[in-house]
Amino acid sequence: MSSNIQSIVEKYGKNETRLMDILHDVHCENGFVSDEEIKEIALLLNISKVDVEQTLTFYHFFSKNPRGKYTVYLNNSLVAKMMGRDEIAHTFEKATGTKFGTVSDDGLFGLYDTSCIGMNDQEPAAIINGIVFPKITTYRVKELVKSFRMGSSVQDMINSFGGGQNQSELIHAMVTNNLNRRGAVIFSDYTPGEGLEKLKSMSPEDVIAEVKNSNIRGRGGAGFPTGLKWDFCSKSPGDEKFVLCNADEGEPGTFKDRVILTERPSLMFEGMIIAGYAIGAKQGILYLRKEYEYLKNHLEFVLNEFREKGFLGKSILGIDGFDYDIRIQFGAGAYVCGEESALIESCEGKRGEPRNRPPFPVQVGYLNQPTIINNVESLSSVTKIISNGSVWFKSMGTKESSGTKLLSISGDLKYPGTFEVEWGMSINEMLEMAGASDVKAVQVGGPSGRLIAPNEFHRTICYEDLPTGGAMIVIGEGRSILETVMNFMDFFIDESCGSCAPCRYLTVILRNKLKKIIDGKGVSKDLEEIVHWGKQMKIANRCGLGQSAANPILTSIENFRGEYEAKIEKGKDYDTEFDLNSAIIESSRAVGRFPEA
Amino acid sequence: MSKPIVATTSLAGCFGCHMSLLDIDERILDLIELVEFNKSPVDDIKEFTKMCDIGIIEGGCCNSENVHVLKDFRKNCKILVSLGECAIMGGLPAMRNNIPIEECLQEAYLNGPSTKGHNPDGIMPNDEELPILLNKVYPCHEVVKIDYYLPGCPPRADLIWNALVALVTGDEMKLPYEVVKFD
Ligand SMILES: Cc1cc2nc3c(=O)[nH]c(=O)nc-3n(C[C@H](O)[C@H](O)[C@H](O)COP(=O)(O)O)c2cc1C
Ligand code: SF4
Ligand code: SF4
């Protein structure tokens, strides 16, 4: 038995619920986890080998086989494609002599596609051995591959630092913030500890009442009232309670949490501490997507600062019995882990499969204890609510949507980046603010949201009208709506956890129908069937992923029907696309026969 | 009015669906009163002799002959019904769809336990007379238009009976829970 694995497993107290961390550490050593290592981990944790294997194989960034000395994960999201990702991919393939999805013969390069990495404002972007390379060009690809061949380390290839904290010693990343507009809540003046200070004179009930009174709703997409969630959790019976901060930021097109994590991590951590105080938790967990691993040292540093200042640890701020600490839990590449119950499963070292609800996490959450899960931005806002008061917070936004919202705007526009705006801004105003003209469509809320046409651009961003988790993808004139939707369908197919049959199959069937239409073989019945079947997705799947996977195709048919109809075969009521000649090529070749005419 | 004409065939199926059709027991006598059979294994008519009203297909398409027969059915029947899992989804034969056809053939004729060492020339069946395998097994509706689907493996006799009667009489089909419940 290797002493190394032993020490890693011991580091996590031989605790099987820390399997993600264990796999993470073992994976870091060689870039993969071998069969032998899987066996050892299972033995040491006293669980079966398949228990280890099923967690390992669920996540995109974990592998059972070597993925090359230099492992390239190139984003294949819609905006990456719009910004020329395919040409980059082609250049990588040519320069390394290997195809995407494979490792070069010399074992030097592994090329892999990956879903949105939270860099839509600086695409095309790739992650190479954990380091983000934004705005990558074909010239740069050739330069990188050449240098790697000569033995350069990936660190050696960092040639610039992005602004703000990105250039601090703890981050040293090429990523830029593109924080194009600061608002009154998240990116206003802030002194770490300003929210916590107020806790000295507030009871946990006071805190919950203040948060409730602010009317803040969750910023992660679902928009559940935060105060109510905390209230439920504080009243749920349990031995221990937990606060989970959702920094999975997996919805293609969102990257606003990245900017908070970079520039305002204290604001978020403070929110987590306030939440802990409110519900009586001892432990908070920041669930951080693996794509943002480059922020790890920076975040750990802030946590240590907090410990030194007495914001974390025992009797925080001298409040007797208020003991609380925060740890960081890494994901390993799985969009579905942003779904709250899948996130819990993942934190417990399992496959990120959503749970059946009820019971809700506030009743039965992490380690089966009452748990609140909130988005990074929600928790950051709470700090300001406690510091400045709910009345101040409510003075911004609209009636049902108080405060500000961070928008991640990307696509065909002049100023891609993060904008903090008050709720209630219209899409037209937003487009003007971000320097977008000749816009054909806006994808509001990422692939799981709505694709809207110019006749809806007067609508306003708020829960009453157009709710959003913040992703805004601007699609310019001249882009194909059908290709856009195709990219989103591929995304859902890749990211489905596979538990529900409709989410597993119907996504593929809908994608194939769309492909058929794009190829000019669709008939109007195909369109009818897409709409009819797509609607079933909402009712027949367990979690939000499957429930919204048909949204892009349904809303685009609703709003851009003409584009579909233009492609549809006229005067035909059926076309199966079946071609006997191509269906028999393979076996003709295998037996040495020439295809019949 | 003359009796509606029915044709049936078994493509890549196991004949279980046809057996289930016969499972309508003595109602088979009513059936012959109700309809006339044309091309079908039931009466052993090999080729279509006239235009039919209803074509019943068991099994999906695994080879070129299946495709020709199915297209022939489409041409000669006003209504086509996919009968059973194999016709609707490919069924058991479609389990090969995840394996490249070349590998399937090698396993069957060269490397399988019963062929290994017994086929020194590495011969694979390739007579002109033999239909050629498709790259995968296709459900019928991926080859031609199918109008109705009767699920089950095999579909229950009652389901087939009710469907035929409904088609012939034009009455609404009876679909009690028991006939479409599978576990
Ligand atoms: C497939 C899926 C992915 C999600 N991804 C995220 C995410 O990356 N970040 C996030 O905050 N919420 C995400 N959510 C929403 C969470 O389930 C949950 O509602 C949210 O974290 C609650 O926090 P909030 O109330 O502060 O918004 C996702 C939901 C689904 C269904
Ligand atoms: S809807 Fe999809 S992602 Fe969600 S639980 Fe079901 S299969 Fe998994
Ligand atoms: S559906 Fe079942 S009974 Fe019918 S042909 Fe296929 S395997 Fe046989």
Side-chain angles (χ1 to χ4, degrees), chain A residues 57 99 101-102 493 498 500-502 504-530 532-533 536 540 568-597, chain B residues 11-12 60-75 79-80 82 88-90 94 96-111 119 121-147 149:
Chain A
T57 53
K99 293 268 166 218
T102 63
I493 291 168
C500 317
R504 194 169 65 234
Y505 293 129
L506 211 43
T507 43
V508 179
I509 293 173
L510 293 175
R511 195 261 313 259
N512 291 351
K513 278 211 178 282
L514 179 62
K515 176 85 176 45
K516 192 177 159 199
I517 294 175
I518 290 177
D519 291 344
K521 300 275 187 187
V523 295
S524 57
K525 182 143 199 295
D526 289 315
L527 214 50
E528 265 169 53
E529 283 177 349
I530 291 177
H532 182 60
W533 297 347
Q536 315 304 317
I568 272 175
E569 288 189 276
K570 307 287 176 304
K572 247 194 190 178
D573 70 337
Y574 213 79
D575 187 340
T576 61
E577 244 190 330
F578 180 81
D579 176 33
L580 183 57
N581 284 333
S582 44
I584 57 173
I585 286 176
E586 262 178 70
S587 51
S588 301
R589 231 181 253 143
V591 300
R593 195 197 289 196
F594 295 104
E596 39 188 305
Chain B
L11 307 175
C61 292
C62 77
N63 63 30
S64 54
E65 200 236 351
N66 294 156
V67 174
H68 293 309
V69 173
L70 184 58
K71 287 191 169 166
D72 205 26
F73 262 72
R74 183 69 274 181
K75 221 178 277 160
I79 290 172
L80 278 194
S82 269
I88 297 175
M89 303 255 219
R96 78 156 157 99
N97 286 3
N98 282 328
I99 306 165
I101 188 75
E102 181 155 15
E103 244 173 76
C104 288
L105 287 165
Q106 282 169 352
E107 182 67 17
Y109 296 107
L110 307 179
N111 308 327
N119 184 0
D121 298 333
I123 295 169
M124 297 217 205
N126 184 22
D127 192 277
E128 291 280 298
E129 292 294 310
L130 292 175
I132 190 132
L133 291 179
L134 307 182
N135 56 344
K136 58 175 193 163
V137 177
Y138 292 79
C140 294
H141 67 269
E142 287 190 10
V143 176
V144 300
K145 178 185 179 188
I146 297 290
D147 302 287
Y149 303 83

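In what follows, chains carry the letters A, B, and so on, assigned in the order in which the sequence lines appear, proteins first and then strands, with residues in each chain numbered from 1.
Of the atoms belonging to Glu102(B), heavy atoms from both backbone and side chain fall under 4.5 Å from chain A. Using a 4.5 Å cut-off between heavy atoms, Val67(B) touches chain A through its side chain atoms alone. Residue Tyr109(B): no heavy atom, backbone or side chain, is found under 4.5 Å from chain A. Interface residue Tyr574(A): only side-chain heavy atoms are found under 4.5 Å from chain B. No part of Asp579(A) comes within reach of chain B, as not one of its non-hydrogen atoms sits under 4.5 angstrom from that chain. In this structure, chain A has a heavy atom under 4.5 Å from the backbone of Asp127(B), while its side chain stays farther away.
Met124(B) CE: more than 12 foreign heavy atoms inside a 6.0 Å radius.
Here the closest non-hydrogen pair linking Arg593(A) and Glu128(B) is NH1-O, 4.2 Å.
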May I have the step-by-step check of side-chain contact (heavy atoms from CB on, under 4.5 Å) for Lys145(B) and Val523(A), ending in yes or no? CA-CA 12 Å; Lys145(B) 178 185 179 188; Val523(A) 295; over 6 Å; no

Before you tell me yes or no, could you show the steps for Val591(A) and Ile132(B) under side-chain contact (heavy atoms from CB on, under 4.5 Å), namely the whole-Å CA-CA distance, both residues' side-chain angles and the distance that decides it to 0.1 Å? CA-CA 9 Å; Val591(A) 300; Ile132(B) 190 132; 4.1 Å; yes

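Residue with the most contacts toward chain B among Ser587(A), Ala590(A), Gly592(A): Ser587(A) (heavy-atom pairs, distance under 4.5 Å).
Here the OG1-CZ distance, from Thr576(A) to Arg74(B), works out to 11.5 Å after rounding to the nearest 0.5 Å.
Of the listed residues (Leu105(B), Ile101(B), Leu134(B)), just one forms a side-chain contact (heavy atoms from CB on, under 4.5 Å) with Glu586(A), and that residue is Ile101(B).
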